[in-house]
Amino acid sequence: MPPSRASADALLSWYDRHARRLPWRTPPGGPAPDPYAVWLSEVMLQQTTVAAVIPYYERFLSRWPTVSDLAAAPQDDVLTEWAGLGYYARARNLHKCAKVVADEHGGVFPDTEDGLRALPGIGAYTAAAVAAIAFGQPATVVDGNVERVMARLFAVTEPLPDSKADLKRLAATLTPRKRAGDYAQAVMDLGATVCTPRSPSCLGCPWQEPCAAQSEGIQDQLPKKRRKTAKPVRRGVAFWVIDGTGRALLRKRPDSGLLGGMTEVPSTPWQEDATWTPDAALPHAPVTVEGWRPLPGLVRHTFTHFHLELAVLTAALSHPGPEDAGRWVDVADMGGEALPTLMRKVVKHALQAALDPHH
DNA sequence: TACCCGTGGAG
DNA sequence: TCTCCAAGGGT
């Protein structure tokens with residue numbers, strides 16, 4: 001491993017000129033931002049793009065201005081506000097964390113990496129990020145950006161995730177004691193805007209000269225990663241029922257696992273290599289009625305590790321729906337439901353078919 | 001350790 | 001259409 005002449009000062013100087021202005025940020029060299037705002041943004045940004053996060057961040061901060069406000073909210077309200085952002089365990093842990101901070105820490109976030117790391121939903125990355133950005137501690141922040149920057153700067157050719165520990169050690173050798181928060185954001189900004197996964201802009205990089213990968217011309221090939229396995233297809237049948245008062249039947253999913261705690265349109269299990277016939281699907285129907293009919297087309301959705309194809313069976317009741325079947329919700333009130341994107345697709349598909357004169 | 005866990009944009 | 005992947009954490 002050749003010693004790098006990369007310096008934190010060179011990167012901070014670049015950051016002073018190129019820092020992106022983001023809603024949760026204070027300007028370079030400025031006062032530290034509110035720890036609650038930093039934590040909220042960091043949790044939302046886990047595996048999620050800045051563009052997707054911004055509107056959610058603004059709504060959360062407006063609705064719950066402090067961690068104690070968030071702690072006092074019902075979990076369903078938090079899940080409804082999070083709906084569409086994905087990885088819903090983040091929302092459940094966000095709420096859990098807020099309650100711990102409010103109840104056990106007097107509404108004040110711990111200011112150390114270890115203290116933060118002990119909270120729900122805060123792992124190694126987020127603990128370091130909040131400690132550095134909100135509290136100015138010289139913690140080494142390692143996210144996907146930092147891994148990529150370090151892999152190139154030091155020409156680490158071992159593939160991820162095997163190289164994770166090495167990349168973290170290398171990152172730690174560069175972390176400065178001063179301006180820790182600015183530096184943490186600077187490395188990530190460098191990765192997001194200059195040292196990008198494809199076609200990095202080495203000419204504008206403050207670390208071009210010391211970059212080992214750039215000098216070898218292999219920056220496009222790093223970091224190496226192991227091949228990902230193909231996604232299988234799972235299939236299921238969803239049941240769209242409207243009762244005699246114009247309400248649709250929804251349910252709350254179990255509070256752990258896929259889409260945990262979120263609202264769903266009832267369905268059969270989702271099975272790999274399954275072809276659902278009506279006879280196979282109907283035993284899973286949430287209400288017993290005659291006259292189920294299939295809607296044309298399929299609802300397609302892709303999750304992290306499988307593709308889903310959902311057929312939809314629909315039926316109409318002539319009376320108010322049975323209360324034990326689930327929750328009967330007026331179609332006009334769907335906006336207030338914790339419906340993940342997949343379920344919004346199902347609702348849209350069903351409503352669209354109801355308006356479509358072809359069938 | 002390896003797997004589970006969403007979504008949308010880019011190329 | 002398809003693959004990659006984005007400020008990861010939990011188990």
Side-chain angles (χ1 to χ4, degrees), chain A residues 19-20 22-25 33 37-57 79 82-94 96-97 116-134 139-149 160-162 164-165 168 171 181 183-193 195-199 220 223-234 253-262 264 270 300-308 338-345:
Chain A
R20 293 178 292 170
L22 300 170
W24 45 85
R25 256 186 199 177
V38 174
W39 163 74
L40 179 62
S41 67
E42 289 301 339
V43 173
M44 288 184 167
L45 286 163
Q46 290 166 5
Q47 297 289 287
T48 308
T49 56
V50 166
V53 164
I54 287 175
Y56 284 86
Y57 172 83
L79 293 180
W82 195 278
L85 197 56
Y87 283 141
Y88 299 99
R90 291 186 297 171
R92 301 193 300 272
N93 284 327
L94 184 86
K96 220 182 290 180
C97 181
L116 291 159
R117 180 69 181 79
L119 295 169
I122 298 189
Y125 162 76
T126 304
V130 175
I133 297 168
T140 298
V141 169
V142 184
D143 71 335
N145 288 307
V146 177
E147 288 178 343
R148 182 172 58 256
V149 169
L160 283 165
D162 312 68
K164 272 182 178 295
K168 181 163 190 170
Y183 176 81
Q185 295 174 93
V187 197
M188 294 190 284
D189 262 24
L190 186 71
T193 65
C195 195
T196 50
R198 287 180 290 253
S199 307
D220 288 287
K224 293 189 180 301
K225 296 190 176 184
R226 278 206 290 263
R227 263 282 178 272
K228 292 172 181 170
T229 59
K231 292 175 169 58
V233 179
R234 295 187 195 173
R253 292 177 62 85
D255 53 282
S256 64
L258 185 69
L259 308 178
M262 302 296 286
E264 69 171 355
W270 306 341
R300 297 174 194 281
H301 193 74
T302 298
F303 292 98
T304 309
H305 54 291
F306 65 92
H307 300 286
L308 180 65
L339 289 167
T341 297
L342 161 67
M343 297 303 167
R344 292 200 180 275
K345 286 184 185 177

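Reminder, nothing fancy here: chain letters follow the sequence lines and each chain counts from 1. Atom set for the values below is all heavy atoms of this structure, side chains included, hydrogens, waters and symmetry mates excluded.
Taking atom CG of residue Leu160(A) and atom C1' of nucleotide dT1(B), one finds them 15 Å apart after rounding to whole Å. One interatomic measurement links the two molecules: CG of Leu258(A) to P of dT7(B), which rounds to 8 Å at whole-angstrom precision. At whole-Å resolution of the value, OH in Tyr56(A) and C1' in dG6(B) are 10 Å apart. The CG atom of Leu85(A) sits 18 Å away from the P atom of dC5(B) (whole-angstrom rounding). Summarising the geometry, the separation between CZ on Phe303(A) and P on dC5(B) is reported as 9 Å, rounded to the nearest angstrom. Rounded to a whole Å, the OH atom of Tyr88(A) is 16 Å from the C1' atom of dC4(B). Atom-to-atom, CZ of Phe306(A) to C1' of dG6(B) comes out at 10 Å; the value is rounded to the nearest Å. Distance, Leu339(A) CG to dG6(B) P: 14 Å, rounded to whole Å.
Relative ring orientation between Phe303(A) and Trp270(A) is described as parallel, the plane-to-plane angle staying below 30° on a 0-90° scale split at 30° and 60°.
Checked against side-chain hydrogen bond (donor to acceptor under 3.5 Å, both in side chains), Glu264(A) has the following partners two or more places apart in sequence or in another chain: Arg253(A).
Separation of the P atoms belonging to dG11(B) and dA7(C) is 15 Å when rounded to the nearest angstrom. Spacing of P atoms, dG6(B) relative to dT11(C), comes out at 14 Å, to the nearest Å.
Side chain of Arg234(A) to backbone of Phe306(A): no donor-acceptor contact under 3.5 angstrom is found. The backbone N or O of Gly84(A) sits nowhere less than 3.5 Å from a side-chain atom of Arg344(A) that would complete a donor-acceptor pair. With hydrogens and angles ignored, the 3.5 Å screen pairs a side-chain donor or acceptor of Arg90(A) with a backbone N or O of Met44(A). With Ser41(A) contributing its side chain and Val38(A) its backbone, the two residues share a donor-acceptor pair below 3.5 Å.
Each of Leu259(A) and Arg226(A) has a nearest nucleotide on DNA chain B; the 5'-most of these lies closest to Arg226(A). Nearer the 5' end of DNA chain B, as judged by each residue's closest nucleotide, is the contact made by His305(A), out of His305(A) and Ala52(A).
Taking 4.0 angstrom as the limit, His301(A) places a side-chain polar atom (N or O) nearer than this to OP1 or OP2 of dT7(B).
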Run the side-chain donor-acceptor check on residues 140-147 of chain A: report pairs under 3.5 Å with partners two or more places apart or on a different chain.
residue   : atom : partner   : partner atom : Å
Thr140(A) : OG1  : Thr175(A) : OG1          : 2.9
Asp143(A) : OD1  : Asn145(A) : N            : 3.2
Asp143(A) : OD1  : Val146(A) : N            : 2.9
Asp143(A) : OD2  : Asn145(A) : ND2          : 3.1
Asn145(A) : OD1  : Arg148(A) : NH2          : 2.7
Glu147(A) : OE2  : Lys164(A) : NZ           : 2.8

Q. What string of B, S and - do you get for nucleotides 2-11 of chain C, 5' to 3', if B is base contact, S is sugar-phosphate-only contact and - is no contact with any protein heavy atom under 4.0 Å?
A. --SSBBBSS-
